[in-house]
Amino acid sequence: MLDRKYILQNLDAVRQNCLERGVKCDLTQFVEVEQRRKEADTAAQEFNRLANENAKSIGGLKDPQQRAEAVEAGRQLRAQKDAAQKLVDQLDAELLAIQRTLPNMAHPNAPRGVDDQANLEVARGKYQPRQFDFPVKDHLQLGSAKGWIDFEGGARTTGQGFYFLGGELVLLDLAIQQLAVEHLLQRSFVPTITPDLARADILEGIGFMPRGPETQVYSVENTDLCLVGTAEITLGGLYAGQTFEAESLPLRLCGISHCYRTEAGAAGRASRGLYRVHQFTKVEMFVFCLPDQSDALHEELRQIECELFDLLEVPYRVVDTATGDLGGPAYRKYDLEAWMPGRGEHGEWGEVTSTSNCTDYQSRRLNVRYKEKEKKGTQFVHTLNGTAFALSRALIAVLENHQQADGSVRIPPALQPYLRRDRIG
RNA sequence: GGAGAGAUGGCAGAGUGGUCUAUUGCACCGGCUUGCUAAGCCGGAGUGGGGUUUUCCUCACCGCAGGUUCGAAUCCUGUUCUCUCCGCCA
């Protein structure tokens, strides 16, 4: 969410930003409603002040007649104040509704463009796509043959888009998680296992829409809880309403959670196998920091994502996401797209991670602040998030890139300490 | 799951419906005094919003959310967390 004052003082920039991000906005109405809200607010406060003044004077009044009159006056002032306040609340809600539709401002260097066509490849990983001298299988062919991936079982117990992982693939899954946690632990991240459910207002604070036809998340009936789509939600929400000491930042967290996504409206684009599923495990990075630290930390998160996929020996490219493809909260976003030899006709790049700098967009909604010693007041922190591994897609990348002619899969050395073998299958 | 107790400023800890401002102490900042790195005295100091524009004024905030009242830290309801005890369980 953008700051109200900032919007009013930078109408043209905000309007231009909405245009570049393909978001409709009505700032004219915003300005007009804000004007009315301000007037009502001033009136409400004045009535309130008078009522307070009057209430204080009553304590000293001994004469019953005077006292009764003052009580009646107080009653009326309070009623006037309530009426004015009601209008303020109503206008405030209108403003907030508009404010919530506005996306974050974009980084000046983020590629301009209304969709992913404008995304810019900025780097490649250490490893090049392999030349295979045998017919390439996709991960589902590899996995089904060994009893590693069972979508039919998932459908039987749960529904379409759910699956069981089995056999040695479970070991690979756990090994990848351990690799990520160990790697992040050495880079000052605090490992965390988070709740898989969160309250709807936390989801909203992070920038998800927990309700409505567009929603990407599952809700639990008769509660205000949702299944999280990512640990970003709980990690970001962990400090909602809190104030950090400036010197305790940056705070780096690494969270392990299950992630649940309805993939509503994605049916037509539904992809084969583990690529687009309703539940997966993710190791997520999240950072709270000072405003002047966030650009550098964003590069750091991107670097870590690269290191992790280099350790898996998987080829990938890094994409600087165009303004129109950023999503609401992001100021800038990098995606890692891994080479998936089994995708499409001859292999395709598939998104495996993304890292966003959300600046103060989430912290303003969640009211996460920091305080500097010797300075008055507090400021909103900046937040960043990045995928270490989304296990579903990381598994695709490892299986398909390291498959052997006999259907077994080579395990890269970085995983071997956790897996205790150099191949599976 | 049941019963009870509690939550007040950076910390400790008073405050059971109205005295102009939430008492006091510790810690903190400034000044004064004093022959010691100490003590004493005086003053200041929280967060957020609005107004004013450099000086202030004002509103809200006593776990959180509501309610009663002219007036709530105080009374009522709900809720979260902590502690004690009981029950249950992996």
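Since the structure is predicted, the reported quantities are computational estimates derived from the model, not experimental observations. Letters A, B, ... are given to chains in the order of the sequence lines, protein chains preceding strands, and every chain is numbered from 1.
Neither side chain, A:His382 nor A:Gln293, offers a donor N or O lying under 3.5 Å from an acceptor on the other.
Look at A:Asp92 and A:Arg4 and you find a salt bridge, because one of the NZ, NE, NH1 or NH2 atoms lies within 4.0 Å of a carboxylate O, short of that distance.
If you take atom P in B:rC75 and the same atom in B:rU24, they sit 23 Å apart, rounded to whole Å. Rounded to a whole angstrom, the distance from the P atom of B:rA22 to that of B:rG44 is 14 Å. Atom C1' of B:rG6 sits at a distance of 14 Å from the matching atom of B:rG13, rounded to the whole Å. A distance of about 12 Å separates the C1' atoms of B:rC76 and B:rU69, rounded to the whole Å. For the C1' atom pair drawn from B:rU37 and B:rG25, the interatomic distance equals 24 Å after rounding to whole Å. When the P atom is used for both B:rA14 and B:rG2, the distance is 30 Å, rounded to whole Å. Annotation: B:rG18 and B:rA12 have their C1' atoms spaced 29 Å apart (nearest Å).
Taking for each of A:Arg369 and A:Arg67 the nucleotide of RNA chain B with the nearest heavy atom, the 5'-most of the two is the partner of A:Arg67. With RNA chain B read from its 5' end, the first of the two nearest nucleotides for A:Gln45 and A:Glu53 is the one closest to A:Gln45.
When both distances must be under 3.5 Å, the Watson-Crick or G-U wobble mate of B:rG48 is B:rC59.
Separating the CG atom of A:Leu50 from the C1' atom of B:rC57 is a distance of 14 Å, rounded to the nearest angstrom.
Note on A:Lys5: only backbone sugar-phosphate atoms sit closer than 4.0 angstrom, heavy atoms only; bases stay farther off.
When ring centroids are compared, A:Phe288 and A:Tyr239 come within the 6.0 Å threshold.
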